[in-house]
Amino acid sequence: MENIEIAAVLQNVADLLEIKGANPFRIRAYRNAAQVVAEWAAPLRKLVEEECDLTELPSIGKDMARHIEELVSRGELMLLQELSQDVPLSLVELTRLPGLGAKKARKLWDELGVETLDDLESAAERGAIATLPGFGEKTQDKILTAIDRYRKRRGRMKLGDADQHAVPLLDYLRANPEVKRVEVAGSYRRRRETVRDLDVLVIATQAEAVMGYFTSYPDIKQVESSGETRSTVVLRSGLQVDLRIVAPQSYGAALSYFTGSKEHNVKLRMRAIQRGLRLSEYGVFRGGEEEAGDPWAGEFVAGRDENEVYESLGLAWIPPELRENRGEIEAAERSELPDLITVGAIRGDLQMHSTWSDGKNTLEEMLEACVARGYEYFAITDHSKALAMTGGLDGAKLREQWTEIDEIAERHPGIEIMRGMEVDILGDGALDLEDAMLAQLDIVLISVHSRFDLPPGDQTERIIKALGHPAVNVLAHPTGRQINRRDPMQFDLDAVLQSAADSGVAVELNAHPDRLDLNDVQLMRARELGCDIVISTDAHRTTDLDLMRYGVEQARRAWLQPADVLNTLPFTELVRRLQR
DNA sequence: GCCGTTTTCGGCCCGACTGTTTTCAGTCG
């Protein structure tokens with residue numbers, strides 16, 4: 001059982017306890033533990049096997065340690081089963097809907113017998129919800145739209161979560177000596193922000209043995225189908241995995257075929273036909289039309305690796321992130337593919353938090369983590385006071401923070417610390433920090449954390465007003481979306497991007513895999529309109545700094561090159577470019 | 001349920017917004 005699954009079980013326990021009305025601090029203990037587990041770098045499974053003391057981990061005490069051991073050894077948790085005797089587990093899903101929490105879910109169950117999403121929908125449709133005390137017409141309508149949105153996105157897993165399942169699976173497969181090559185194709189390889197399933201390709205000497213090895217992977221919930229060359233399984237997380245064993249001479253063709261996208265493939269095949277070739281997952285062939293039905297008919301031209309497949313079609317190899325039929329084939333033909341940005345090109349991280357607000361590590365720990373990643377500079381950008389729950393800073397606190405920044409800067413001359421802040425954009429577009437303080441910051445990020453559902457016109461006006469403040473440097477997570485959780489705000493993004501470009505404010509690509517905001521398409525538009533772009537992790541702990549790669553991946557999908565991204569610049573140039 | 005230069009009990013992030021209220025409960029971040 002992987003950390004992310006253990007965390008999901010603990011999260012479910014917390015949700016059920018909350019619906020039951022348990023001690024809120026006990027609930028929080030489960031949530032805290034779930035978060036620690038989800039973010040722990042080493043698999044807890046291994047720690048359990050090595051009989052390490054799990055209570056050494058933060059927020060893990062005697063009980064949590066026992067739960068984790070039980071999950072690792074039995075694959076399920078008695079406590080969760082007991083709780084779901086009292087309260088149906090399906091109620092937890094209801095609380096995933098925005099605006100519907102534990103109390104309301106409980107009431108709907110008690111009063112209307114609502115247990116599932118379908119129950120909820122029919123109760124809302126027949127108007128039963130609006131009649132309950134504490135509920136009303138608006139709540140009922142909101143529930144219906146929330147169900148609709150929830151259904152639309154169900155079935156796609158965030159890329160960051162998929163990675164947590166894919167990496168251990170790949171390690172498992174590579175540990176088998178019969179496995180010669182293995183790679184995940186599909187949208188996972190194209191680094192789309194969410195994936196529906198994993199398409200795993202394998203070259204193996206003993207196909208049958210490897211298939212058996214795969215279908216006995218411990219994290220499998222169900223084997224859907226299993227044949228000589230292809231098996232489909234569902235992992236306990238619900239993620240579907242297709243594994244295909246391919247011949248070595250077809251590996252490149254298969255990798256290209258299963259990486260997609262579909263639109264990219266269609267165009268490649270048309271191109272093959274124009275050149276008197278036939279492209280399939282088996283390879284590139286010339287002739288053989290008379291033997292219809294035989295995939296190997298004709299002369300084998302290419303297929304061993306992707307390079308030779310593309311080459312045989314008169315194209316340069318195209319990075320997977322670009323394979324969306326957005327002009328990459330034409331660019332490859334003209335040898336004008338962009339020189340895509342890489343993690344190595346990033347010289348500093350421009351959004352992170354510390355224990356001064358809601359971060360988990362101290363300023364100095366964050367600094368040391370940036371040094372360890374080879375950065376030349378970083379910005380410390382704790383929250384402003386409007387975000388009370390994060391312990392946001394007011395002017396006086398900010399001044400105190402500067403004193404500490406000066407102290408640690410003196411101790412660590414090897415890296416530049418920028419005094420920054422993530423300042424809330426208030427409801428009327430004003431900023432949550434006095435002008436005199438804003439003027440003294442090295443970098444000012446602004447972002448929306450409240451009133452996400454203003455009418456679109458007002459929202460646009462609000463953000464554009466904030467962009468007009470002369471101290472502002474970066475618009476952080478511009479749409480406010482959280483993937484699979486919160487839709488982007490409704491506003492005129494084009495007008496906002498134009499305004500940012502005109503006033504010399506950079507827009508952020510927030511690299512956190514829960515956000516990825518702006519997304520790839522929006523980034524392309526931002527660049528088109530002349531916006532400067534920064535990629536930042538929004539780190540709340542030292543390990544979050546490694547999320548930079550998720551941002552870079554989306555930037556690559558947007559065709560960005562190092563020169564498009566401000567935090568690839570050396571420090572003095574960055575400072576100059578931030579001037580407005 | 002976790003944690004401890006507040007240490008074995010008694011704390012534990014808290015203010016704003018929404019929709020339903022007529023003084024507030026629930027939700028969110």
Side-chain angles (χ1 to χ4, degrees), chain A residues 9-11 13-37 53-68 77 79-80 83 94-108 110-111 129-143 145-146 353-360 382-394 397 422 424-428 430 432 447-455 458-459 462 476-477 480-482 485-487 489 510 512 514-515 517 538 540:
Chain A
V9 174
L10 296 178
Q11 201 62 256
V13 170
D15 289 333
L16 283 182
L17 286 172
E18 194 169 11
I19 295 170
K20 286 189 70 171
N23 173 357
F25 296 110
R26 187 178 172 213
I27 297 166
R28 195 150 85 204
Y30 279 93
R31 293 208 201 287
N32 290 342
Q35 197 184 354
V36 167
V37 170
D53 182 10
L54 294 176
T55 63
E56 300 277 309
L57 312 199
S59 300
I60 307 295
K62 248 173 63 192
D63 285 36
M64 294 299 168
R66 271 213 329 271
H67 293 332
I68 294 167
L77 186 64
L79 173 65
L80 184 68
L83 286 170
L94 303 193
T95 66
R96 303 273 187 262
L97 299 176
L100 223 179
K103 297 270 171 57
K104 283 187 177 165
R106 177 68 197 238
K107 200 160 201 175
L108 289 164
D110 283 343
E111 304 289 330
I129 291 176
T131 65
L132 289 180
F135 292 74
E137 290 288 341
K138 280 197 177 171
T139 310
Q140 184 166 274
D141 290 347
K142 255 180 114 171
I143 285 174
T145 33
H353 301 261
S354 72
T355 46
W356 281 85
S357 64
D358 60 347
K360 299 287 182 265
D382 278 302
H383 287 289
S384 61
K385 63 182 183 303
L387 227 53
M389 66 84 65
T390 65
L393 313 181
D394 60 15
K397 272 271 166 59
E422 184 183 9
D424 255 55
I425 302 175
L426 302 174
D428 60 357
D432 186 32
S447 58
V448 172
H449 290 105
S450 62
R451 314 202 60 179
F452 294 104
D453 51 3
L454 282 182
D458 296 353
Q459 196 70 274
R462 170 195 192 186
H477 49 73
R481 72 140 172 195
Q482 286 181 17
R485 257 185 68 194
R486 186 171 65 210
D487 285 334
M489 294 185 286
N510 190 294
H512 199 291
D514 292 345
R515 290 190 182 266
D517 180 11
D538 201 353
H540 281 69

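Here is the naming used below: chain letters follow the sequence lines, and residue numbers restart at 1 for every chain. Given the structure is predicted, the values throughout are model-derived calculations rather than measurements.
Across all strands shown, B:dT8 forms no Watson-Crick or G-U wobble pair with both key distances under 3.5 Å.
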Just by protein heavy atoms under 4.0 Å, how would nucleotides 16-29 of chain B read 5' to 3' in B, S and -? -S-SS-----SSSB

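Here A:Pro24 lies out of heavy-atom contact (under 4.0 Å) with every strand. Residue contacts shown for A:Ile27 are absent, as no nucleic acid heavy atom lies under 4.0 Å away.
A gap of 23 Å separates the P atoms of B:dT23 and B:dC17, to the nearest Å. Separation of the P atoms belonging to B:dG15 and B:dC9 is 31 Å when rounded to the nearest angstrom. Comparing the same atom, P, in B:dT21 and in B:dG26 gives a spacing of 13 Å after rounding to whole Å. Only the P atoms considered, B:dT20 is 15 Å distant from B:dC28, to the nearest whole Å. Atom C1' of B:dG11 sits at a distance of 9 Å from the matching atom of B:dT6, rounded to the whole Å. As rounded to the nearest Å, B:dC14 and B:dT22 have P atoms that lie 30 Å from one another.
Remark: A:Asp458 does not engage A:Arg462 in a salt bridge, criterion side-chain N to carboxylate O under 4.0 Å. Under the 4.0 Å criterion applied to side-chain N and carboxylate O atoms, A:Arg31 and A:Asp15 are assigned as salt-bridge partners.
Inter-residue side-chain proximity for A:Arg515 and A:Arg481 is flagged as unmet; no heavy-atom pair is nearer than 4.5 Å.
Partners of A:Asp358 by salt bridge (charged side-chain N to carboxylate O under 4.0 Å, His left out), not counting sequence neighbours: none found. Not counting sequence neighbours, the partners of A:Lys385 by the salt bridge (charged side-chain N to carboxylate O under 4.0 Å, His left out) test are A:Asp432.
Relative to the ring axis of A:Phe135, A:Lys107 does not place its NZ or CZ within 45° and under 6.0 Å from the centre.
Note on ring orientation: taking the six-membered ring where Trp is involved, the planes of A:His383 and A:His449 are perpendicular (angle over 60°, cut-offs 30° and 60°).
Remark: C1' of B:dC12 and CG of A:Asn32 are 9 Å apart, rounded to the nearest angstrom. In this structure, CG of A:Asp424 is placed 15 Å from C1' of B:dC14, rounded to the nearest angstrom. Between the NE2 atom of A:His383 and the C1' atom of B:dC14 there is a distance of 14 Å, rounded to whole Å. Rounding to whole angstrom units, CZ of residue A:Arg26 and P of B:dC3 are separated by 16 Å. Atom CG of A:Leu57 is separated from atom P of B:dC2 by 12 Å (rounded to the nearest Å).
Contact of A:Asn23 with B:dG1 (side chain to base): a donor-acceptor pair of N or O atoms is detected under 3.5 Å.
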